[in-house]
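The block underneath contains the structure these notes are about, expressed in structure tokens.
Since this is a predicted model, take the numbers as computed values, not measurements. Computed from heavy atoms alone, side chains included, the values below leave out hydrogens, waters and symmetry copies.
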Amino acid sequence: MRLAVLASGNGSNFEAIVQSIEHGKIDAEIVLLFSDHRDAYVLERGKKHDVFTQSFELKEFENKASYEKALLELLQSQQVDLVILAGYMRIIGKDLLQAYPNRIINIHPALLPDFPGLHGIRDAFEARVEETGVTVHYVDDGVDTGPIIAQSAVKLDPADTLETLEEKIHAIEHQLYPAVIAKIVKDHQR
Ligand code: GAR
């Protein structure tokens with residue numbers, strides 16, 4: 001399977017996925033790493049792993065539709081089979097959704113449908129829930145909505161600070177996302 005990873009920032013999830021591929025745990029190739037921020041750290045990670053990286057920013061285009069058109073053309077030029085959102089902080093537009101039905105997945109740092117949006121970890125922490133976690137789901141036109149593929153929960157310890165919770169959530173993400181991708185790839189090969 002030919003994978004594209006879309007990421008806006010740090011890219012620790014990208015790192016976990018690319019390492020899983022390098023260790024033979026995912027039988028697929030990342031043919032594109034795209035960032036909508038030209039200075040995102042994830043692009044450094046991509047270069048270190050010899051992944052084809054590209055980036056451009058929404059503000060360089062006349063409107064969102066032309067930005068998405070350029071992104072779609074990029075994905076098509078790389079013959080991408082599966083689009084993996086890994087900290088890509090934008091809503092996917094309808095042209096992209098139509099071009100990749102059930103072929104765009106996202107990871108979110110909370111147990112959806114609870115705490116969607118940009119601050120899933122912080123929102124759950126401040127709500128003092130007993131447990132929170134991580135969700136991987138297919139993407140639709142909403143914010144962190146779409147059919148859930150897998151979830152993994154973690155109990156909040158009374159001693160947890162926002163920082164310790166963030167560490168726990170990221171550690172879960174780095175296990176769960178590669179495992180889900182490995183399964184999707186395997187199912188595709190059948
Ligand atoms: C991850 O925690 C991911 O779940 C979250 O952004 C972070 C990116 O980290 N995504 C969302 O909140 C989507 N709504 P990373 O750049 O280190 O992979």
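Here the OG1-CZ distance, from Thr53 to Phe14, works out to 8.5 Å after rounding to the nearest 0.5 Å. The distance from the NZ atom of Lys94 to the CG atom of Asp140 is 15.0 Å, given to the nearest 0.5 Å. Rounding to the nearest 0.5 angstrom, the gap separating the CD1 atom in Ile184 from the CD1 atom in Ile105 is 4.0 Å. Distance CD/Gln54 to CG/Leu33: 9.5 Å, rounded to 0.5 Å. The distance from atom CG of Asp81 to atom CZ of Arg103, rounded to the nearest 0.5 Å, is 6.5 Å. Taking OG of Ser20 as the start and CG of Asp27 as the end, the distance is 12.5 Å to the nearest 0.5 Å.
Under the salt bridge (Lys or Arg N to Asp or Glu O under 4.0 Å) criterion, Lys69 pairs with Glu73, not counting sequence neighbours. Listed by chain and number, the residues in a side chain to side chain contact (heavy atoms under 4.5 Å, CB included) with Leu111 are Glu131, Gln151, Ala153 (sequence neighbours excluded). Taking Asp144 as the reference, Asn106, His108 meet the side chain to side chain donor-acceptor pair (under 3.5 Å) condition, with sequence neighbours excluded. Residues passing the side chain to side chain donor-acceptor pair (under 3.5 Å) test with Asp36 are Ser8, Arg90, sequence neighbours excluded.
Under a hydrophobic-cluster definition in which Ile, Leu, Val, Met, Phe, Trp and Tyr are linked whenever side-chain heavy atoms come within less than 4.5 Å, directly or via other members, Tyr177 and Leu32 are assigned to different clusters. Hydrophobic cluster membership differs between Leu85 and Val18, with clusters built from Ile, Leu, Val, Met, Phe, Trp and Tyr side chains linked at under 4.5 angstrom. Under a hydrophobic-cluster definition in which Ile, Leu, Val, Met, Phe, Trp and Tyr are linked whenever side-chain heavy atoms come within less than 4.5 Å, directly or via other members, Phe56 and Ile91 are assigned to different clusters. In the hydrophobic clustering of ILVMFWY residues, with side-chain heavy atoms under 4.5 Å counting as a link, Val42 and Leu74 come out apart. Tracing side-chain contacts under 4.5 Å through hydrophobic residues (I, L, V, M, F, W, Y), one reaches Ile104 starting from Val80; they form part of the same cluster.
Put simply, the side chain of Glu57 never gets that close to the backbone of His37: no donor and acceptor are under 3.5 Å apart.
Crowding of Arg128 atom CZ: a count of heavy atoms from other residues, nucleotides or ligands under 6.0 Å not exceeding 12. Counting non-hydrogen atoms of other residues, nucleotides and ligands closer than 6.0 Å to NZ of Lys25 gives a total of 12 or fewer.
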What side-chain donor-acceptor pairs closer than 3.5 Å can you find for residues 45-52, not counting sequence neighbours?
residue, atom, partner, partner atom, Å
Arg45, NE, Asn10, O, 2.8
Arg45, NE, Gly11, O, 3.4
Arg45, NH1, Glu15, OE1, 3.0
Arg45, NH2, Asn10, OD1, 2.7
His49, ND1, Glu22, OE1, 3.3
His49, ND1, Glu22, OE2, 2.7
His49, NE2, Glu15, OE2, 2.8

Side-chain donor-acceptor contacts of residues 160-169 below 3.5 Å, not counting sequence neighbours, with atom names and distances?
residue, atom, partner, partner atom, Å
Asp160, OD1, Thr164, OG1, 2.7
Asp160, OD1, Lys168, NZ, 3.0
Asp160, OD2, Asp157, N, 2.9
Asp160, OD2, Lys168, NZ, 2.9
Thr161, OG1, Glu163, N, 3.3
Thr161, OG1, Thr164, N, 3.1
Thr164, OG1, Thr161, N, 2.9
Thr164, OG1, Thr161, O, 3.1

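The side-chain heavy atoms of Thr135 and Ile107, taken from C-beta on, include no pair separated by under 4.5 Å. Residues Val129 and Asp114 fail the side-chain proximity criterion, which asks for heavy atoms closer than 4.5 Å. A 4.5 Å side-chain heavy-atom check between Leu75 and Tyr100 finds at least one atom pair inside the cut-off. The closest side-chain heavy-atom distance from Pro101 to Leu97 is not below 4.5 Å. When side chains are defined from C-beta on, Ile26 counts as touching Pro178, because their heavy atoms get closer than 4.5 Å.
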Checklist entry - Given His170 and Ser12, is the side-chain hydrogen bond (donor to acceptor under 3.5 Å, both in side chains) satisfied, shown in steps? => result CA-CA 8 Å; His170 292 314; Ser12 67; 4.9 Å; no
Item to check | Worked check of side chain to side chain contact (heavy atoms under 4.5 Å, CB included) between Arg2 and Ile30 | outcome: CA-CA 6 Å; Arg2 297 171 66 82; Ile30 300 177; over 6 Å; no
Next on the checklist: Please determine whether side chain to side chain contact (heavy atoms under 4.5 Å, CB included) holds for the pair Leu71 and Leu6, giving the CA-CA distance in whole Å, both sets of side-chain angles, and the decisive distance to 0.1 Å.
Outcome noted: CA-CA 10 Å; Leu71 182 51; Leu6 274 50; 4.1 Å; yes
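In terms of heavy atoms, Ala110 sits closest to Gly120 at CB-O, 4.1 Å. Between Thr132 and Pro109, the shortest heavy-atom contact is OG1-O, 4.5 Å. Nearest heavy-atom pair across Arg38 and Ser55 is NH1-O, 3.1 Å. Ile148 approaches His137 most closely through the heavy-atom pair CA-CB, 3.9 Å. Between Pro116 and Asp123 the shortest heavy-atom distance is O-OD2, 4.3 Å.
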